[in-house]
Amino acid sequence: MRLAVRASEVAPLWRLAVDAGCVVDDGKEDAVRGDMPLDEYFQLVQQVSVKLRDESCRFSKRPLAAGATDFVMDTLVTAESLEEAMRHAARAYNLMHGGHYNRVERRRDRIAYVIDDRDFPYVFDADSDVVHALMEGVLIFLHALLSLAAGTDISDSLRTVRTRRRARQPSNGLLAFWTVPVRYGSPTYVLEYALPMASFPVRGDAAVTVRAADIYDNAVAMIAAREHSLRPNGFPARVGTAIAGERRPSPRSRRSSASAPRRCAADSPTAISRSARFVRACSTRRHARFLPSAGRSPTSPTHWDLPIPEASRARSRRGRVSHLPRSSPRSNKIPGRKSQSLERICPARLIRPVVDSSRSATLLFRDWPER
């Protein structure tokens, strides 16, 4: 499965790429012909930012000069933990953008990187889908940056992603990238990590070796790993295939593979002793022997501890064990069935009365396998 960005949301970036000569489009169309794969989207953003020497890709009225991401990585030299790296990156971005748009917060058991762009000088409307797609891509870029700073993929420590987009769009690959819950309609864009990650040590050489190209490459690698987990031969797909296979009829019996063993067991006399209904009926009758000694009626439904969900259906079945108890220890009839005895429902070779030495007047019914 390929993650993709909607054509309407990537159209402005596509036009910039065409005008800058990053891509060739003879038709000079105003929109992309189709949805763009997510990995190609990040590669296009990188090419446009390098070609225009503006890392904001002209989405901001305040251009972000080339090398801004490298400057952010340089500020991580003195950071010893991931929380310090997040705070240094937020301070550097605020310095370059000329406003307090980035901050780091501790929220109970989480550490959060917050981006508040409600007053940011966008070229487009801040509530448009184009800006939402841009900022959701920035969250992926930031996650890739922090993973490189930590020296490992920190996706397992991510807890929640928040976006300002109001409505969920199933075809949005920018949000389908995440494996954690995504909260819509948030006032800010947020990445929330588990609080123990605040003290996670960062790489000492990250500020020297990691450049903007490395962050884009890491984002593309993460997207490829996410797409691989969504392939049809993945674990969720294999489980779905197995469930669908259980519903297909057996080629011989024309029944499903789940119901065929039950039907075969019902047709076999020796299988009755192993059925769940038989065991439950025997347990119910053993429970009923204590009721007369306590002065309680064994036929009263209010005195039963075990539920009887299929009692009404059991009356209309022949050859099945009823869930209802006997009316008295000396009776051989099932309540509600006047003409059918217990031996007719359960053959004598399968159920035999056993006299309990401690209670001379009590009969215990136990399952007895056929010899």
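In this chain, numbering begins with 1 at the start of the sequence shown. Hydrogens, waters and symmetry mates play no part in the numbers below; they use all other heavy atoms, side chains included.
Partner Glu192 forms a salt bridge (Lys or Arg N to Asp or Glu O under 4.0 Å) with one of Arg107, Arg108, Arg159 and no other, that one being Arg107. Shown are Met86, His88, Arg91; of these, the side chain to side chain contact (heavy atoms under 4.5 Å, CB included) with Val104 is made only by Met86.
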side-chain contact (heavy atoms from CB on, under 4.5 Å) between Leu13 and Val45, worked out: CA-CA 8 Å; Leu13 180 64; Val45 171; 3.5 Å; yes
Verdict with reasoning, Arg166 to Asp127, per side-chain contact (heavy atoms from CB on, under 4.5 Å): CA-CA 9 Å; Arg166 297 184 180 277; Asp127 294 327; 5.6 Å; no
Audit row: Leu82, Tyr193, side-chain contact (heavy atoms from CB on, under 4.5 Å) steps and yes/no: CA-CA 10 Å; Leu82 188 62; Tyr193 296 93; 5.5 Å; no
Residue pair Phe200, Thr152: steps toward the side-chain contact (heavy atoms from CB on, under 4.5 Å) verdict: CA-CA 11 Å; Phe200 191 86; Thr152 183; 3.9 Å; yes
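Side chain of Ser60 to backbone of Arg62: a donor-acceptor contact under 3.5 angstrom is found. Although no hydrogens or angles enter the test, the distance criterion places a donor-acceptor pair under 3.5 Å between the side chain of Asp54 and the main chain of Arg58. Remark: side-chain polar atoms of Glu83 are not paired, donor with acceptor, to backbone N or O of Ile111 under 3.5 angstrom. The closest donor-acceptor contact from the side chain of Glu227 to the backbone of Leu3 lies under 3.5 Å. Judged by distance alone, with hydrogens and angles left aside, the side-chain atoms of Asn102 form no donor-acceptor pair with the main-chain N or O of Ile115 at under 3.5 Å.
A salt bridge links Arg165 to Glu9: at least one charged side-chain nitrogen sits closer than 4.0 Å to a carboxylate oxygen. Here Asp117 pairs with Arg164 in a salt bridge; the nearest charged N to carboxylate O distance falls below 4.0 Å. Taking a cutoff of 4.0 Å between a charged side-chain nitrogen and a carboxylate oxygen, Arg211 and Asp74 qualify as a salt bridge.
The line from CE of Met36 to CG of Asp39 is 10.0 Å long, rounded to the nearest 0.5 Å. Between the CZ atom of Phe71 and the CG atom of Leu64 there is a distance of 10.5 Å, given to the nearest 0.5 Å. Within the model, atoms CG of Asp214 and CE of Met73 stand 8.5 Å from one another, a figure rounded to the nearest 0.5 Å. The distance from the CD1 atom of Ile215 to the OG atom of Ser147 is 10.5 Å, given to the nearest 0.5 Å. One finds the CE atom of Met197 at 5.0 Å from the CD1 atom of Ile154 (value rounded to the nearest 0.5 Å). Rounded to the nearest 0.5 angstrom, Trp14 CH2 and Asp19 CG are separated by 11.5 Å.
Annotation: Phe120 is in aromatic contact with Tyr122 [ring centroid separation under 6.0 Å]. Aromatic rings of Tyr189 and Tyr113 (six-membered ring for Trp) have centroids beyond the 6.0 Å cut-off, not under it.
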Distance-only donor-acceptor hits, side chain of residues 172-182, under 3.5 Å, sequence neighbours excluded:
| residue | atom | partner | partner atom | Å |
| --- | --- | --- | --- | --- |
| Asn172 | OD1 | Leu174 | N | 3.0 |
| Asn172 | ND2 | Glu136 | OE1 | 3.3 |

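Between Val131 and Ala126, the closest heavy-atom pair is CG1-O, 3.7 Å. Pairing each heavy atom of Glu55 with each of Ala65, the nearest pair is CG-O, 3.9 Å. The two atoms that bring Arg203 and Leu148 nearest to each other are CD-O, 3.2 Å, heavy atoms only. Closest of all the heavy-atom pairs between Gln47 and Cys22 is O-SG, 3.8 Å. Taking all atoms of both residues into account, the shortest heavy-atom contact from Pro37 to Arg2 is CB-NH2, 3.1 Å. Listed here is the closest heavy atom pair of Val48 and Cys57: CG1-SG, 4.0 Å.
Surrounding CD of Glu105 are more than 12 heavy atoms belonging to other residues, nucleotides or ligands, all under 6.0 Å away. The local environment of CG in Asp109 is crowded, with over 12 non-hydrogen atoms from other residues, nucleotides or ligands closer than 6.0 Å. The local environment of CG in Asp156 is sparse, with at most 12 non-hydrogen atoms from other residues, nucleotides or ligands closer than 6.0 Å.
Within the 4.5 Å cutoff, side-chain heavy atoms of Arg106 are placed close to those of Leu195. Side-chain contact check for Val202 versus Leu76: every heavy-atom pair is 4.5 Å or farther apart.
By the criterion of side-chain heavy atoms lying less than 4.5 angstrom apart, applied directly or through intervening Ile, Leu, Val, Met, Phe, Trp or Tyr residues, Leu95 is not grouped with Val114; the two fall into different hydrophobic clusters. Under the 4.5 Å side-chain heavy-atom criterion for Ile, Leu, Val, Met, Phe, Trp and Tyr, Leu158 and Ile223 are members of the same hydrophobic cluster. Note on Phe59 and Val50: separate hydrophobic clusters, where clusters join Ile, Leu, Val, Met, Phe, Trp and Tyr whose side-chain heavy atoms are under 4.5 Å apart, directly or indirectly.
There is no side-chain donor-acceptor pair under 3.5 Å between Ser155 and Arg226.
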